[in-house]
Each structure stands twice: as structure tokens, then as C-alpha cells.
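These values consider heavy atoms only, across backbone and side chains, with no hydrogens, waters or symmetry-generated copies. Labels below follow one simple rule: chain letters A, B, ... track the order of the sequence lines, proteins then strands, and each chain is numbered from 1.
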Number of protein chains: 2
Amino acid sequence: MGTATRNRILEEAARLFTEKGYEATSVQDLAEALGLSKAALYHHFRSKEEVLYEISLQALEGLLEEGKKASAVPEAREALLRFMEGHARFFEENRPFFVTMLQGLQSLSPEKQAPIIALRDRYEETLRALLRRGMESGVFRQLDVALTARAVLSLLNWMIRWFRPGGPLRAEEVARFYFHLLLRGLENGDS
Amino acid sequence: MGTATRNRILEEAARLFTEKGYEATSVQDLAEALGLSKAALYHHFRSKEEVLYEISLQALEGLLEEGKKASAVPEAREALLRFMEGHARFFEENRPFFVTMLQGLQSLSPEKQAPIIALRDRYEETLRALLRRGMESGVFRQLDVALTARAVLSLLNWMIRWFRPGGPLRAEEVARFYFHLLLRGLENGDS
DNA sequence: GTCTATATGGTGATAGAC
DNA sequence: GTCTATCACCATATAGAC
């Protein structure tokens with residue numbers, strides 16, 4: 001359980017890391033944005049890397065929670081829709097944390113990367129299980145599960161590169177569009 | 001027209017930027033990898049940013065060339081397949097340049113970002129025109145063109161985050177899988 | 001829990017010799 | 001076209017007072 005100051009630091013750090021990138025954000029920048037001294041920051045966190053690690057961890061734990069809820073839905077199509085909507089909603093509602101988690105992975109040392117990657121793998125496995133279930137029950141076509149899961153996550157995750165809040169669509173609506181595109185396909189059945 | 005040394009610098013820089021990130025790669029790192037002094041680098045490039053800019057420019061120019069070739073194919077389905085294959089092939093054959101271009105955009109100053117973004121927009125417009133053509137001719141379903149184009153590029157571009165050369169599949173094969181998934185859809189027609 | 005001051009080393013970039 | 005030496009600055013992180 002983090003103190004209030006600790007959380008304030010994480011929020012502001014996630015905002016700055018998202019905006020300028022982790023490497024391009026200095027501890028000085030962060031301290032100034034918070035109205036604190038650098039030394040005060042180092043009272044709450046051992047290092048800048050630990051701040052990144054904590055943000056990534058919280059983002060993935062929240063996302064995993066969403067994924068589990070969605071995959072509990074019995075019907076596979078509905079479960080996939082909920083999974084995709086949930087992912088998009090989590091992204092939009094926790095954009096700084098989510099983006100920092102996805103963009104910052106490369107900046108973590110191998111020791112700190114490992115637990116993050118393990119969580120990410122659990123999340124992806126949740127999606128693969130959902131797809132496998134749909135294929136076995138005949139709702140989905142029999143396709144390469146790993147590649148299909150990657151397709152779903154590619155669609156959703158690439159939103160960090162173009163989606164800006166305040167646009168015409170909510171992230172959840174984009175996810176729904178992708179879901180229908182993915183399910184029914186691009187090709188016109190008439191021709 | 002670049003000299004041989006200039007090109008050698010760009011190649012090595014793209015490799016390092018891809019591996020560690022642009023901000024985390026110092027001019028010192030680059031000089032050591034090339035067996036040159038920092039001062040020698042500054043004879044060939046005005047700044048580290050100019051190196052990033054040159055790499056991004058070359059990557060996008062090559063990609064745009066591929067895109068034009070694909071969209072010249074008359075039948076829309078075939079054109080889309082060629083577009084996606086061409087994108088994936090360009091990625092795999094020019095991975096350091098391609099990845100640096102996609103990841104480094106945020107690190108460029110607004111002045112240097114602008115021409116890069118303009119080229120990227122031209123490339124994306126090529127894809128949108130291709131999709132529009134397919135929808136008007138009745139080959140594709142009538143969908144939001146901008147969002148459909150984003151879906152295609154999301155699938156392809158997210159490969160920079162997971163695709164590693166030497167794996168079981170070539171990037172082009174992944175693109176073909178995505179193409180068929182996108183065209184026919186995930187849903188089983190039997191049910 | 002926050003501060004000022006500082007340690008230590010690396011950063012992008014340049015001067016000027018060869 | 002490359003080098004050695006150096007500039008001016010900023011990085012992460014810490015010591016010790018309050």
C-alpha cells in the first residue's frame with residue numbers, strides 16, 4: 001500500500017514518461033513537476049527505474065484483472081468482445097500507466113523486466129485460452145491461436161501510437177469496430 | 001548521396017537505436033561501435049538528431065516505394081495482399097531502419113518531425129485509397145476507411161514489438177496470415 | 001519527510017592539430 | 001577525414017541538517 005505522496009509521484013511520472021519518454025525524462029523534471037526536491041523523491045523510491053517498475057506492475061495487474069473478468073463469460077464471441085472492450089477501456093482510463101508500461105519495458109534491467117514479462121505472458125495466455133475455447137466449440141474457425149492472439153493485441157496496443165483522448169471515438173468504440181472487423185472479415189459476402 | 005562512411009554510420013546507428021533506444025544510445029557508444037572518435041562522427045553529421053532523421057527518412061522513402069508498387073495492382077484483394085506482404089518484407093529486410101523510424105519519431109524536434117510525418121501520411125493515404133477502391137468496387141464491405149487502414153497498419157507495425165528474425169515464420173508469412181484473417185474473419189461460417 | 005549542497009561521472013558538441 | 005583534448009552542462013544518486 002503506497003502513501004499518498006508515493007502515488008502522486010507515480011501519477012506524475014507516468015504522465016511525463018508517456019509524454020517525453022522514460023529516458024528523456026530526468027529526475028529533475030519529475031521533481032519540478034511535483035514541486036519537490038530530487039532528494040525527496042529518493043526518499044520514496046530507490047531509483048528512477050523503480051518508479052518505472054512500479055508503474056508497469058500496477059498497469060499490468062489492473063489489466064490482468066480485466067482480462068480475467070472478460071474470459072469468465074461463457075460464450076466465446078461475447079467473451080472476446082468483452083476482452084477487447086476491457087483492454088481498450090483500461091487503456092483510455094489509465095493511459096499514462098498503460099503507455100508507460102508498454103513503452104518502458106525496454107528500459108528496465110533484465111531483473112526488473114522478468115516479473116513484468118511474466119505478468120504480460122499470463123495476460124496473453126488468458127486471451128489464447130479464450131480463443132482456443134471458441135475454436136474448440138466451433139464458434140471460431142480453426143486458426144493458429146498464438147498468431148490470432150497477437151493479431152488481437154496488435155490492434156489494441158497500437159492505439160497507444162495514434163489514439164488521443166478527446167477525439168471523435170472512445171477507445172472502447174474503436175475496440176468494438178476491430179472486433180466486428182475481425183469476426184466477420186473485410187471481404188464482401190455478396191461478391 | 002551518402003559517402004561510404006556516412007552509410008556505415010547510419011547502419012550502425014540504426015542497429016544501436018533499435019537495440020537500446022535512441023535516447024539510451026550515446027554518441028560515445030556509436031563512435032566506439034564504429035571504431036571512430038566522436039569528433040569524426042560530427043564531421044559527417046551535425047548532430048545525433050540528424051542521424052536519427054536521416055535513418056527515418058530513408059526508411060519511409062523505401063516503404064513508400066513498396067506501397068506504390070502494391071497499390072498499382074488492379075484487383076483490390078490482390079493489391080492489399082501485396083501491400084501487406086511488401087510492408088512486412090521491408091520491415092524484415094530493413095529492420096534497424098524500420099524500427100528506428102517507428103520508435104524514434106517522438107525523439108525528433110517538431111521541425112524534423114514534420115517531414116517524416118508528411119511522408120508517413122502519404123504512405124497511409126496510399127493504403128486508404130486502395131481500401132476505398134475495393135469498397136467502391138464491391139470487393140470489400142463498406143467500412144470506415146480510416147479505421148480499417150489503421151487496423152491493417154496496427155497488425156503490421158506491432159511486429160516490431162515481438163517479431164525476431166530467425167523464428168519459425170518470416171514476416172511476410174505473418175502478413176499473409178493477417179491478410180486471410182482480416183479478409184475472411186475469425187467467425188466460423190458453419191455455426 | 002523534506003530540504004540544500006554535493007559527489008561522481010557521462011552528455012552532446014567543438015577547437016585546433018595533423 | 002580523423003584525431004586528442006576540452007567545453008559547458010546535466011545525469012542519477014547521496015550526505016547530513018532540520
Side-chain angles (χ1 to χ4, degrees), chain A residues 1-57 100 103-113 116, chain B residues 1-57 100 103-113 116:
Chain A
M1 287 301 87
T3 67
T5 305
R6 213 180 136 89
N7 284 333
R8 220 166 57 82
I9 294 172
L10 290 175
E11 299 272 356
E12 188 61 38
R15 232 181 43 73
L16 287 173
F17 294 166
T18 296
E19 200 175 285
K20 322 197 318 169
Y22 170 76
E23 308 280 358
T25 303
S26 70
V27 176
Q28 179 71 56
D29 294 337
L30 180 53
E32 275 169 23
L34 287 160
L36 284 176
S37 68
K38 286 189 286 175
L41 291 186
Y42 280 99
H43 172 77
H44 293 277
F45 293 93
R46 252 193 272 280
S47 64
K48 181 183 160 188
E49 192 192 10
E50 197 182 85
V51 175
L52 172 60
Y53 176 74
E54 203 57 51
I55 290 168
S56 303
L57 206 62
T100 297
Q103 311 244 49
L105 190 61
Q106 202 183 17
S107 298
L108 287 171
S109 62
E111 301 82 53
K112 287 211 164 53
Q113 251 183 52
I116 301 294
Chain B
M1 291 294 86
T3 67
T5 304
R6 213 179 136 88
N7 284 333
R8 217 165 61 83
I9 294 171
L10 290 175
E11 299 272 355
E12 188 62 38
R15 233 181 43 73
L16 288 174
F17 293 166
T18 295
E19 201 175 285
K20 323 199 314 169
Y22 170 76
E23 308 280 358
T25 303
S26 70
V27 176
Q28 180 70 55
D29 294 337
L30 180 53
E32 275 169 23
L34 287 159
L36 284 175
S37 67
K38 284 193 287 176
L41 291 186
Y42 280 98
H43 173 78
H44 294 278
F45 293 92
R46 252 192 273 277
S47 65
K48 183 182 160 189
E49 192 192 12
E50 197 181 87
V51 175
L52 172 59
Y53 177 73
E54 203 57 50
I55 290 168
S56 304
L57 205 62
T100 297
Q103 311 243 51
L105 190 62
Q106 202 184 14
S107 299
L108 287 171
S109 62
E111 300 82 54
K112 286 211 164 53
Q113 251 184 53
I116 301 295

Mind calculating the distance between [atom1] ([X]) and [atom2] ([N]) to the nearest angstrom?
{"X": "B:Lys48", "N": "C:dT14", "atom1": "NZ", "atom2": "P", "answer": "15 Å"}
{"X": "A:Asn7", "N": "C:dG1", "atom1": "CG", "atom2": "C1'", "answer": "16 Å"}
{"X": "A:Glu23", "N": "C:dG12", "atom1": "CD", "atom2": "C1'", "answer": "16 Å"}
{"X": "A:Phe45", "N": "D:dT14", "atom1": "CZ", "atom2": "P", "answer": "15 Å"}
{"X": "B:Glu32", "N": "C:dG10", "atom1": "CD", "atom2": "P", "answer": "11 Å"}
{"X": "B:Arg46", "N": "C:dA13", "atom1": "CZ", "atom2": "C1'", "answer": "13 Å"}
{"X": "B:Gln28", "N": "D:dC10", "atom1": "CD", "atom2": "P", "answer": "20 Å"}
{"X": "A:Leu34", "N": "C:dG1", "atom1": "CG", "atom2": "C1'", "answer": "14 Å"}

query = Hey, mind stepping through B:Leu41 and B:Val51 against side chain to side chain contact (heavy atoms under 4.5 Å, CB included) and telling me if it holds?
reply = CA-CA 10 Å; B:Leu41 291 186; B:Val51 175; over 6 Å; no
From the list [options], which nucleotide is the closest neighbour of the side chain of [X]?
{"X": "B:Ala39", "options": "C:dT6, D:dC3, D:dG1", "value": "D:dC3"}
{"X": "B:Ser37", "options": "C:dT2, D:dG1, D:dC3", "value": "D:dC3"}
{"X": "A:Leu36", "options": "C:dT6, C:dC3, C:dG12", "value": "C:dC3"}
{"X": "B:Ala40", "options": "D:dC3, C:dT6, C:dA13", "value": "D:dC3"}

side-chain N/O A:Tyr42 vs D:dA13 OP1/OP2, d < 4.0 Å =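 For D:dA13, OP1 or OP2 has a side-chain N or O of A:Tyr42 closer than 4.0 Å.
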query = Taking OP1 and OP2 of C:dT2, is either one under 4.0 Å from a side-chain nitrogen or oxygen of A:His44?
reply =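 Checking A:His44 against C:dT2: at least one side-chain N or O falls below 4.0 Å of OP1 or OP2.
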query = Within the structure shown, what part of the strands sits under 4.0 Å from B:Ser26 by heavy-atom distance: base, sugar-phosphate, or nothing?
reply =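 Here B:Ser26 touches the backbone only, sparing every base.
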ask   = Are B:Leu36 and B:Arg8 side-chain neighbours, meaning at least one heavy-atom pair lies under 4.5 Å?
value =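 A side-chain contact exists here, since the closest heavy-atom pair is under 4.5 Å.
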query = Tell me, do B:Glu12 and B:Leu30 make a side-chain contact under 4.5 Å, heavy atoms counted?
reply =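 Yes - at least one pair of side-chain heavy atoms lies under 4.5 Å apart.
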key: Option passing salt bridge (charged side-chain N to carboxylate O under 4.0 Å, His left out) with A:Asp29 (candidates A:Lys20, A:Arg15, A:Lys48)   =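 Running salt bridge (charged side-chain N to carboxylate O under 4.0 Å, His left out) over A:Lys20, A:Arg15, A:Lys48 with A:Asp29 returns exactly one hit, A:Lys20.
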query = Of A:His43 and A:Lys38, whose closest DNA chain C nucleotide lies nearer the 5' terminus?
reply =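 Result: A:His43.
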query = With sequence neighbours left out, which residue pairs that include part of residues 21-54 of chain A fulfil the ring pair (Phe, Tyr, Trp, His ring centres under 6.0 Å) condition?
reply =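 Counting only pairs at least two positions apart or across chains, the ring pair (Phe, Tyr, Trp, His ring centres under 6.0 Å) contacts touching residues 21-54 of chain A are A:Phe17-A:Tyr22.
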